[in-house]
Amino acid sequence: MAQQTRIAALIPYYERFIAQFPQVQILARAEIDEVLALWAGLGYYSRAHNLHKAAIKLVEEYKGVFPQDIKAIRSLPGIGEYTAGAIASISFGKPSPAVDGNVKRVYARLMLDQSEVASKDMKQHATIFVSKLMPHADPSILTQSLMELGALVCIPRNPNCLICPLADVCKAKKEHRQEELPIKQAAARKTTERKTLLLVHDMAGNVLLKKRKERLLYGMYQYVLLDGHCSEKECADELMTMGLKPKKTCVLKGYRHVFTHLIWDMVGYNFEVTGEMLDKEKDGYHFYSERERKSLAIPTAFVWLERNYKQRQLKHSK
């Protein structure tokens, strides 16, 4: 959960997750929909998929006991070199380096390494550096010290050099270049895509949803999603191709959702419909009751739609 997410933001998610899945065997037996529903709002949903797959592998191949061998740890879905090194050194006392962005920043400033921070050279240099420092007795001390130093003292902007225990040996500080390092490549501009989202109710108040098969937000549930900014008539025509007859409609506020590499610029409509879908399996859409929707994993990119609709209803009821 802590990958790409601030600790303060993930704590309530973590507490709910552990309460529902206190043991790896319970997580392995759970349906992925249950896991994604608890993860909804944290983003980077591949982490949830990998966590579930790792739990299954731990139970099936390791009888629920976490392996201590670094290669076995690396074999678990979602665990890369950094996470494996952190687990091995902190949990099992193995002298395995754990090099993340914080550690690379500390290293780059200490050694005045001007390699681009995301490059293979920087990763290799930092890993060799940490490996040479790694003690065989209680290596967790070094791992956690470097993590904390990068997170709390040697921070990206305005590093706290006055309280840094390594200030006297820091080459970047000696040359007054700590603000310049590490070198970062200019961030690529995000692509913006226009989307139209439809909140489709039947007369009983059930809502049309489907489980996504696309890589982005895979396994999460979405409302009817159309490419481009569609007119009300275009949306109604699309619903009619499904066999649904639009009765009432209203325009909902738009929303922009920012992913790591992409921006969705969305407009929204609410449609109340009658009739039955010509093909009940068309694109995987089904009507879900309000009770059923509470257990579905609907990502932040979509939850604004129903929230805006409810706010609109409340405003018009006053």
A.B. asks: Is NZ or CZ of R16 both nearer than 6.0 Å to the six-membered ring centre of Y13 and within 45° of the ring axis?
C.D. replies: yes
A.B. asks: Exactly one of D202, L198, V273, L244 should register a side-chain contact (heavy atoms from CB on, under 4.5 Å) with L208. Which one does?
C.D. replies: L244
A.B. asks: Taking side chain as C-beta onward, heavy atoms only, is W39 less than 4.5 Å from M1?
C.D. replies: yes
A.B. asks: With heavy-atom distances below 4.5 Å as the criterion, would you say the side chains of L181 and Y107 are in contact?
C.D. replies: no
A.B. asks: When you measure from the side chain of S119 to the backbone of S115, do you find a donor-acceptor pair of N or O atoms at a distance under 3.5 Å?
C.D. replies: no
A.B. asks: Taking the six-membered ring for Trp, are F66 and Y62 ring centroids under 6.0 Å apart?
C.D. replies: no
A.B. asks: Show the nearest heavy-atom pair for residues N158 and I155, with the distance to one decimal.
C.D. replies: O-CD1, 3.6 Å
A.B. asks: Looking at D100 and K104, is any side-chain nitrogen of the basic one under 4.0 Å from a carboxylate oxygen of the acidic one?
C.D. replies: no
A.B. asks: Give, for atom CG of L51 and atom OG of S46, the distance between the pair rounded to the nearest 0.5 Å.
C.D. replies: 11.0 Å
A.B. asks: Angle class for the W304/Y255 ring planes (parallel below 30°, perpendicular above 60°, tilted otherwise)?
C.D. replies: parallel
A.B. asks: Do K94 and P139 have side chains that approach each other closer than 4.5 Å (heavy atoms only, starting at C-beta)?
C.D. replies: no
A.B. asks: Salt-bridge test for K195 and D227: reply yes if a basic N is under 4.0 Å from a carboxylate O, no otherwise.
C.D. replies: yes
A.B. asks: Hey, any chance M220 and F17 share a hydrophobic cluster, counting ILVMFWY side chains that come within less than 4.5 Å of each other, even indirectly?
C.D. replies: yes
A.B. asks: Has E179 got more than 12 heavy atoms of other residues, nucleotides or ligands less than 6.0 Å from its CD?
C.D. replies: yes
A.B. asks: Could you walk me through whether I183 and V117 pass the side chain to side chain contact (heavy atoms under 4.5 Å, CB included) test, one step at a time?
C.D. replies: CA-CA 6 Å; I183 303 297; V117 69; over 6 Å; no
A.B. asks: Within the side chain of S75, is there an N or O that forms a donor-acceptor pair under 3.5 Å with the backbone of A72?
C.D. replies: yes
A.B. asks: Got a sec, which residues hit side chain to side chain donor-acceptor pair (under 3.5 Å) with Y45, two or more places apart in sequence or on another chain?
C.D. replies: none
A.B. asks: Can you tell if the side chain of L225 reaches within under 4.5 Å of the side chain of R212, non-hydrogen atoms only?
C.D. replies: yes
A.B. asks: For residues E272 and M203, determine if any side-chain heavy atom of one lies less than 4.5 Å from a side-chain heavy atom of the other.
C.D. replies: yes
A.B. asks: If you measure from CG on L252 to CD on E306, what distance do you get to the nearest 0.5 Å?
C.D. replies: 10.5 Å
A.B. asks: Over 60° means perpendicular and under 30° means parallel, so classify the ring planes of Y288 and H286, tilted if in between.
C.D. replies: perpendicular
A.B. asks: Between E234 and S231 (side chain of the first, backbone of the second, donor and acceptor by atom type, cut-off under 3.5 Å), is there such a pair?
C.D. replies: yes
A.B. asks: So do the side chains of C164 and L149 get within less than 4.5 Å of each other, counting heavy atoms only?
C.D. replies: yes
A.B. asks: Is it the case that one hydrophobic cluster holds both V258 and V267, taking links as side-chain heavy atoms less than 4.5 Å apart, direct or via other members?
C.D. replies: no
A.B. asks: Using 0.5 Å steps for rounding, measure from the CD atom of E15 to the CD atom of Q20.
C.D. replies: 14.5 Å
A.B. asks: Should the pair E180-R177 be classified as a salt bridge under the 4.0 Å nitrogen-to-oxygen rule?
C.D. replies: yes
A.B. asks: So, E116 side chain and K184 main chain: donor-acceptor pair closer than 3.5 Å or not?
C.D. replies: no
A.B. asks: Which word best sums up how the rings of H201 and Y309 line up, parallel for under 30°, tilted for 30 to 60°, or perpendicular for over 60°?
C.D. replies: tilted
A.B. asks: In terms of ring plane angle, is the pair H257 and F259 parallel, tilted or perpendicular, where the classes change at 30° and 60°?
C.D. replies: perpendicular
A.B. asks: For F287 and N206, which heavy atoms make the closest approach, and how far apart are they?
C.D. replies: CD2-O, 3.6 Å
A.B. asks: Nearest 0.5 Å, what's the CG-CG distance between L42 and L36?
C.D. replies: 11.5 Å
A.B. asks: Is there a donor in the side chain of Y285 and an acceptor in the side chain of Q222, or the other way round, less than 3.5 Å apart?
C.D. replies: yes
A.B. asks: How far does OG1 of T192 sit from CG of L262, to the nearest 0.5 angstrom?
C.D. replies: 7.5 Å
A.B. asks: Whether the side chain of R105 engages the backbone of R109 through a donor-acceptor N/O pair (distance < 3.5 Å, no angle test) should be reported.
C.D. replies: no
A.B. asks: Are the side chain of H49 and the backbone N or O of Y218 linked by a donor-acceptor pair below 3.5 Å?
C.D. replies: yes
A.B. asks: Are P182 and D113 close enough that some pair of their side-chain heavy atoms sits under 4.5 Å apart?
C.D. replies: no
A.B. asks: V106 pairs by side-chain contact (heavy atoms from CB on, under 4.5 Å) with which of V103, N102, L110?
C.D. replies: L110
A.B. asks: Verify the cluster assignment for L296 and L217: are they in a single hydrophobic cluster under the rule of side-chain heavy atoms below 4.5 Å apart?
C.D. replies: yes
A.B. asks: Yes or no on side chain to side chain contact (heavy atoms under 4.5 Å, CB included) for V224 and F271, after CA distance, side-chain angles and deciding distance?
C.D. replies: CA-CA 11 Å; V224 178; F271 282 90; over 6 Å; no
A.B. asks: Other residues, nucleotides and ligands only: do more than 12 of their heavy atoms fall within 6.0 Å of CD on E31?
C.D. replies: no
A.B. asks: Where is the tightest heavy-atom contact between I298 and A40, given as atom of each residue plus distance?
C.D. replies: O-CB, 3.8 Å
A.B. asks: Hey, what do you get for OH (Y269) to SG (C230), rounding to the nearest 0.5 Å?
C.D. replies: 7.5 Å
A.B. asks: Within a strict 4.5 Å, meaning less than it, do heavy atoms of the L226 and E238 side chains meet?
C.D. replies: yes
A.B. asks: Donor-acceptor check, side chain of T83 to backbone of I79, threshold 3.5 angstrom: yes or no?
C.D. replies: no
A.B. asks: Between the side chain of E292 and the main-chain N/O of S289, is any donor-acceptor distance below 3.5 Å?
C.D. replies: yes
A.B. asks: Without swapping roles, check the side chain of D138 against the backbone of G93 for a donor-acceptor pair under 3.5 Å.
C.D. replies: no
A.B. asks: Is the side chain of T143 donor-acceptor paired with the backbone N or O of S89 at a distance under 3.5 Å, no angle test?
C.D. replies: no
A.B. asks: Compare every heavy atom of N270 with every heavy atom of L199, then report the nearest pair and how far apart it is.
C.D. replies: O-OD1, 3.2 Å
A.B. asks: Which pair of heavy atoms, one from P95 and one from H136, lies closest together, and at what distance?
C.D. replies: CG-ND1, 3.7 Å
A.B. asks: For atom OH of Y14, is the number of surrounding heavy atoms from other residues, nucleotides or ligands below 6.0 Å larger than 12?
C.D. replies: no
A.B. asks: When you group the ILVMFWY residues by side-chain heavy-atom contacts below 4.5 Å and let the links chain together, are L209 and V35 in the same group?
C.D. replies: yes
A.B. asks: Carefully, step by step, assess V200 and Y223 under the rule side chain to side chain contact (heavy atoms under 4.5 Å, CB included).
C.D. replies: CA-CA 8 Å; V200 181; Y223 304 97; over 6 Å; no
A.B. asks: With sequence neighbours excluded, what pairs up with Y44 under the side chain to side chain contact (heavy atoms under 4.5 Å, CB included) test?
C.D. replies: Q4, R47, T260
A.B. asks: Among K173, Q178, K171, whose side-chain contact (heavy atoms from CB on, under 4.5 Å) with L112 holds?
C.D. replies: K171
A.B. asks: Give the minimum heavy-atom separation between P67 and F92, together with the two atoms involved.
C.D. replies: O-CE1, 3.4 Å
A.B. asks: Using the test ring-ring contact (aromatic ring centres under 6.0 Å, His included), find all partners of H125 that sit at least two apart in sequence or belong to another chain.
C.D. replies: none
A.B. asks: Does M111 belong to the same Ile/Leu/Val/Met/Phe/Trp/Tyr cluster as L166, with side-chain heavy atoms less than 4.5 Å apart forming each link?
C.D. replies: yes
A.B. asks: Identify whether the distance between the nearest side-chain nitrogen and carboxylate oxygen of K174 and D168 falls below 4.0 Å.
C.D. replies: no
